[in-house]
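Written out below as structure tokens is the structure these notes cover.
The sequence lines fix the lettering, A, B, ..., with proteins before strands; numbering per chain opens at 1.
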Amino acid sequence: MRDQLIQLMQEAIHVTQKPLSKNLQDIPIVLTVPKNESYGDYATNLAMNLSKTLKQSPMKIAESLVRNFPTDLNWLEKIEVVKPGFINFFLKDKALQDILPVIITQKEAFGQNQRGKGGEILLEFVSANPTGPLHIGHGRGAALGGALTNLLKATGYQVTTEYYLNDLGTQMETLGRSIQARFRELQGEVDLFPENGYKGEYIKNIAADILQENSTEAFAESSLDVSFFSRYGRQAILKDIQEDLETFGIRFDHWFSEESLVRQGLVENLIQAMEDKGLIYRKEGALWFKSSTFGDEKDRVVVRANGALTYFASDMAYHLQKVNRGYQRLIDIWGADHHGYVQRLKAALQSLGHDPKALTVILVQLVTLIREGKPVAMSTRAGEFITLREVLDEVGKDAARYIFLTRRSDSPLDFDLDLAKKQSNENPVYYVQYAHARVCSVLDVARSQGFEIESLDLTTVHRLNSPEERRLCKHLSEYPEEVNQAAMKLEPHRITFYLGELAAQFHYYYNHHRIIQADRELSDSRLILSLAVGTVIKNALNLLGVSAPEKMVRE
RNA sequence: GCGCCUGUAGCUCAGAGGAUAGAGCAACGGACUUCUAAUCCGUAGGUCGCAGGUUCGAAUCCUGCCAGGCGCGCCA
């Protein structure tokens with residue numbers, strides 16, 4: 001419907017302005033759903049936007065555009081030209097009702113499109129260091145990444161998801177030393193815990209595991225060096241991270257190890273290549289990349305005076321390698337505290353002849369956990385934090401994922417644990433899930449009364465002409481555009497808000513109209529509408545990675 | 001000091017050039033012998049941080065200021 005209207009206007013512009021100037025051709029046609037229903041089902045400000053270039057009054061332009069619309073449109077009730085120059089479209093009921101059979105026929109495919117044309121995107125997210133369990137902030141990134149994966153796939157892109165593992169350098173050393181110290185403590189030795197060591201309980205658990213394995217096998221004392229503990233710790237923590245993500249419903253296509261990057265010599269090669277291009281210089285014993293000539297604030301060290309590679313060096317190599325693997329677009333999801341790295345990474349890509357715009361970094365603001373109305377203090381270093389695992393055990397996957405997606409990533413998020421597990425109207429998750437369960441429940445009752453839901457005549461929709469039914473049909477028909485916008489703008493929270501509105505409309509409808517009743521034909525119509533609502537809710541929840549239960553029983 | 005993000009109802013947030021700025025929660029008053037009341041209805045609630053500017057039109061764009069968060073290492 002939306003597409004048809006846009007096409008209609010494009011044609012009208014062509015007819016109105018015979019010699020079509022170039023700046024007219026690429027003027028975007030914006031079609032909105034007016035807040036006030038007296039302004040029609042759809043409206044456009046096209047005439048007002050055109051008035052500058054055409055040097056005519058908006059009202060005149062609007063009128064001549066409307067005059068050039070075909071007259072034989074059986075799906076349009078009327079067109080209005082109003083005050084400053086809006087064109088308002090009023091659709092016939094049938095035009096809105098016709099979306100219902102489409103939804104029911106397409107099922108889970110409804111809402112998808114192919115605008116991505118199979119473009120290949122590499123989406124990197126979470127990428128938490130394997131030095132400790134995932135915390136709540138990683139959960140937000142994971143929920144966002146998972147939803148974006150689904151959204152981009154739904155709009156025709158080929159998406160590969162990747163988790164970059166910083167399994168090298170000082171932090172792995174610190175991890176090893178931390179475990180080693182705990183291990184020796186368990187053996188009764190008094191060992192000084194490293195100053196910057198990881199203090200969490202999980203370190204002790206890992207040490208205990210090692211001790212247990214040790215007691216059965218005779219380990220040579222010499223094999224228990226730091227690198228042994230590092231490697232063991234990395235594996236153990238990685239396994240936990242993978243399990244956590246699994247229960248959170250997130251799967252990665254690749255787990256990309258920094259260590260492997262260095263081992264293959266890719267970082268070294270890159271630095272050599274950059275040196276050859278004169279992008280690198282030596283100062284005070286270190287190697288510096290001239291990132292400031294590519295928009296960064298200052299130059300950055302890639303190899304320290306002690307010969308160690310910086311994190312940034314392998315990050316450059318990693319991202320270059322992503323480009324070389326053939327992805328047209330790279331999307332990274334980072335915590336907002338890393339925003340300072342965006343510019344230098346783009347600088348690196350640009351200096352090597354790649355378009356920095358190919359890389360999009362989504363910065364996710366911090367999450368504050370709230371319990372009993374107060375923020376929960378967290379510090380990774382001190383080992384005081386609530387893990388994603390604990391949150392999942394407490395509130396469940398669905399509530400967690402949904403709540404993470406109720407905000408723009410730009411906005412900081414207060415995650416209220418008590419609210420998330422409340423089975424009440426304060427909790428937005430159940431509101432939407434309940435609408436779906438309600439649809440299923442109505443359909444079940446209908447079946448028990450002899451309605452054959454699976455073989456309803458989908459053309460029986462003409463009885464749906466109450467304002468509530470019109471509104472529902474229209475909102476359902478906006479779903480594909482909503483998916484498209486959410487994907488293009490990389491903003492899954494739009495789907496969350498859409499869902500809230502759809503659920504609200506259905507709950508209202510349910511409370512004001514009886515779906516199953518004596519009038520068989522009307523019942524059929526309303527069952528079709530309900531089925532369509534259920535389908536769209538389920539599709540949208542799927543995009544968010546939240547389940548759509550068919551029954552909900554209050555505990 | 002510099003950079004990024006944010007400032008919208010009591011609280012948490014949508015809205016990012018258009019028409020009378022919206023939702024949820026909280027508050028107050030109502031609706032269950034009914035297809036699930038995890039629902040619904042009604043009431044109330046606003047100087048869109050402040051000040052200029054751009055234009056037919058600004059919560060939205062530009063500039064300055066104020067407030068909060070985060071960053072500004074040869075840390076990761």
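In this structure, D410(A) and R438(A) both approach RNA chain B, and ranking their closest nucleotides by distance from the 5' end singles out D410(A). If you find the closest nucleotide of RNA chain B to V303(A) and to I515(A), the one lying nearer the 5' end belongs to I515(A).
Base pairing of G52(B) is made with C62(B), judged by Watson-Crick or G-U wobble geometry with both donor-acceptor distances under 3.5 Å.
For G24(B) and C70(B), the P atoms lie 32 Å apart once the distance is rounded to whole Å. Comparing A59(B) with U36(B), their C1' atoms sit 41 Å apart, to the nearest whole Å. Straight-line distance between the P atoms of A67(B) and C50(B): roughly 15 Å, to the nearest whole Å. Comparing A26(B) with U34(B), their C1' atoms are spaced 30 Å from each other, to the whole Å.
Here the nucleotide nearest the side chain of H507(A), chosen from C40(B), C13(B), U36(B), is C40(B).
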Go through the steps to decide whether R471(A) and E37(A) satisfy the test salt bridge (Lys or Arg N to Asp or Glu O under 4.0 Å), and finish with yes or no. CA-CA 10 Å; R471(A) 221 169 280 145; E37(A) 286 182 20; 2.7 Å; yes

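The residue A43(A) sits close to a base: some heavy atom pair falls under 4.0 Å. Y431(A) comes within 4.0 angstrom of sugar-phosphate atoms only, judged by non-hydrogen atoms across all strands, and of no base. At the heavy-atom level, N88(A) lies under 4.0 Å from base atoms of the strands shown. Backbone-only contact: H493(A) has heavy atoms under 4.0 Å from sugar-phosphate atoms and none from a base.
Look at CE on M59(A): it is 19 Å from P on G18(B), rounded to the nearest Å. Between N45(A) atom CG and G57(B) atom P there is a gap of 15 Å when expressed in whole angstrom units. Following rounding to the nearest Å, D299(A) (CG) and G73(B) (C1') show an atom-to-atom distance of 15 Å. The CD1-C1' distance, from I537(A) to U39(B), rounds to 13 Å in whole Å.
Within residues 527-535 of chain A, no residue approaches RNA chain B, by heavy-atom distance under 4.0 Å.
In this structure, E478(A) does not pair ionically with K474(A), as no charged nitrogen and carboxylate oxygen lie closer than 4.0 Å.
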